[in-house]
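Beneath this line is the structure, given in structure tokens, with notes to follow.
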Amino acid sequence: VTNDALYTNATIALNVDTGKLIWHYQHLANDYWDLDWAFERQIMDIPVNGEMRKVVANVGKSGILEGLDAATGEYLFSVDSGVQNVVAAINPKTGKKTINPDTQPGNADSYLICPSAVGARSWPPAGYNPETYRLFIPLTEGCFQAGTEGGPFLMTGVNIIPAIFPASKDGKLGRLQAIDLKNQTLSWTYRQQTPLVSSLLATGGGLVFSGDLEPSIKAFDEDTGKVLWHQSLDDTPSAGLVSYGVGPTQYIVVVVGQSNNHVRDWTGVSDYYAKANEWDVEPRPAGKGASIVVFALSR
């Protein structure tokens, strides 16, 4: 397919009263590797080139964050998390992508496509602290080997099999990536063996919570990325993390044991990687089923 497939991988703004299209911006045209920009959009007031702007920001499967003017759709900036090889360059004025010629579909040779269609970024929502202008993204490192092995992928006719992201040969697939939106740059990175499968929750107290396939829940120091607390769970925390207060006590809540496509995909892919590379991986416990798990935070 050679057309742009307009409105796929796009952010659009509609008039809520009439349904009229106000503006649109296509993040990635002619997306033959299924690198959707399909996840939540967040509206935030942040400084861009010294001026406060109302920005609508989102992160696609590629792990690239992009910011647009919320009123007009004007392209403002991109921040690449460094987990993809399909986009070789981004025009700093328009956001137009230059595609890496080594990732054009074909079956003549073997080549690497990062991320895979499972996505470095997928369903679990990002967390944002508007007081510090920090965004926290749940990422997973994984690729395709395309070309000569495997089975056909979507309509491309290209053969694919799962492949390791080059930097993940240490067996660490999960990544919590902090982004400094005040300067539109990457901040700290925390890498771990198991993929992240819950939303990320940023709190006013400077904590960031995540859940993963271990299964466990962790609390991080927002400033440094240091793990402050780690608690094992009896099933997968495949849901949004919620915080609420009752009287003087603050609670963290997560639903566990309810699977979804993201959990199933990364369970299968991470098991495939571990077996193919003979990683020493702790076996996941048999899940005990759906439940609501609540933790009280000490002061």
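Model, not experiment: these values are computed from the prediction.
Taking the six-membered ring where the residue is Trp, Y251 and Y244 present parallel rings, their angle staying beneath 30° rather than reaching 60°.
Within the 4.5 Å cutoff, the side chain of N277 has no heavy atoms near those of the K169 side chain. Contact of the D265 side chain with the W123 side chain is not registered, since no non-hydrogen atoms from C-beta on lie closer than 4.5 Å. By the 4.5 Å heavy-atom criterion applied to side chains, V242 and L201 are not counted as neighbours. Using a 4.5 Å cut-off on side-chain heavy atoms (C-beta onward), W266 and D212 make no contact. Taking 4.5 Å as the limit, some side-chain heavy atom of E214 sits within range of a side-chain heavy atom of S232. Contact annotation: the side chain of Y128 approaches that of L181 to within less than 4.5 Å [non-hydrogen atoms, C-beta and beyond].
Salt bridge annotation for K288-D235: absent, with no cationic side-chain nitrogen under 4.0 angstrom from a carboxylate oxygen.
Connection of L112 to I164 is not established within any shared hydrophobic cluster, with ILVMFWY side chains joined at heavy-atom distances below 4.5 Å, either directly or through further cluster members. With hydrophobic clusters built from ILVMFWY side chains whose heavy atoms lie under 4.5 angstrom apart, V208 shares a cluster with L196. V86 and I160 fall within the same hydrophobic cluster, where Ile, Leu, Val, Met, Phe, Trp and Tyr residues are linked whenever their side-chain heavy atoms come under 4.5 Å apart, directly or through other members. Grouping the Ile, Leu, Val, Met, Phe, Trp and Tyr side chains by contacts below 4.5 angstrom, directly or via other members, places Y111 with Y32. Under the 4.5 Å side-chain heavy-atom criterion for Ile, Leu, Val, Met, Phe, Trp and Tyr, I22 and Y25 are members of the same hydrophobic cluster.
The line from CD1 of I137 to CG of L200 is 9.0 Å long, rounded to the nearest 0.5 Å. Rounded to the nearest 0.5 angstrom, S110 OG and N159 CG are separated by 9.5 Å. For the atom pair OG1 of T194 and NZ of K172, the computed distance is 11.0 Å after rounding to the nearest 0.5 Å. To the nearest 0.5 Å, the span separating CD on E66 from CZ on R41 amounts to 10.0 Å. Interatomic distance, D4 CG to Q26 CD, rounded to the nearest 0.5 Å: 5.5 Å. In this structure, the separation between CG on L65 and CG on N58 is 7.5 Å, given to the nearest 0.5 Å.
No option in I217, V253, V255 other than I217 meets the side chain to side chain contact (heavy atoms under 4.5 Å, CB included) test with L241. For the ring pair (Phe, Tyr, Trp, His ring centres under 6.0 Å) with F220, the lone residue among F136, W229, Y190 that qualifies is Y190. Test T185, L68, I46 against F77 for side chain to side chain contact (heavy atoms under 4.5 Å, CB included) and you get one pass: I46. Applying the side chain to side chain contact (heavy atoms under 4.5 Å, CB included) test between W37 and each of V59, I64, T8 identifies I64 as the sole match. With W188 as the fixed residue, the side chain to side chain contact (heavy atoms under 4.5 Å, CB included) test singles out one of D180, I179, T224, L176: L176.
Nearest heavy-atom pair, P105 versus W33, reported as atom, atom and distance to 0.1 Å: CA-CZ2, 4.0 Å. The nearest pair of heavy atoms linking Q177 to S81 is CG-OG, 4.2 Å. Heavy-atom minimum distance, A120 versus P115: N-CB, 3.4 Å. Closest heavy-atom contact between M52 and Y133: CE-OH, 3.9 Å. The two residues S216 and P237 make their nearest non-hydrogen contact at O-CG, 3.8 Å. Considering all non-hydrogen atoms of both residues, D80 and G82 come closest at OD1-N, 2.9 Å.
For the residue pair S243 and Q250, a side-chain donor N or O sits within less than 3.5 Å of a side-chain acceptor on the partner. A donor atom on one side chain and an acceptor atom on the other are found under 3.5 Å apart for N129 and E222. Using modelled atom types, one finds a donor on one side chain and an acceptor on the other under 3.5 Å when comparing S168 with E141. Using modelled atom types and a 3.5 Å distance limit, the side chains of N100 and T103 yield no donor-acceptor pair. Judged purely by distance below 3.5 Å, without hydrogens or angles, the side chains of S187 and R134 never pair a donor atom with an acceptor atom.
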Run the numbers on V118 and T140 for side chain to side chain contact (heavy atoms under 4.5 Å, CB included), then give the verdict.
CA-CA 9 Å; V118 178; T140 310; over 6 Å; no
Determine, step by step, whether Y75 and I90 satisfy the side chain to side chain contact (heavy atoms under 4.5 Å, CB included) criterion, reporting the C-alpha distance in whole Å, the side-chain angles of both residues, the deciding distance to 0.1 Å, and the verdict.
CA-CA 11 Å; Y75 170 80; I90 302 175; 3.7 Å; yes
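Residue D170 places its CG atom among more than 12 non-hydrogen atoms of other residues, nucleotides or ligands, all under 6.0 Å distant. Taking a 6.0 Å sphere around CG of D280, one finds it holds 12 or fewer heavy atoms contributed by other residues, nucleotides or ligands. For L14, the CG atom is densely surrounded, since the number of other residues' heavy atoms within 6.0 Å is greater than 12.
Between the side chain of W23 and the backbone N or O of A70 there is at least one donor-acceptor pair closer than 3.5 Å. A side-chain donor-acceptor contact under 3.5 Å links N9 to the backbone of L28. Within the 3.5 Å criterion, the main-chain N or O of A117 finds a donor-acceptor partner in the side chain of K61. K97 places a side-chain N or O within donor-acceptor distance of the main-chain N or O of G95, the cut-off being under 3.5 Å.
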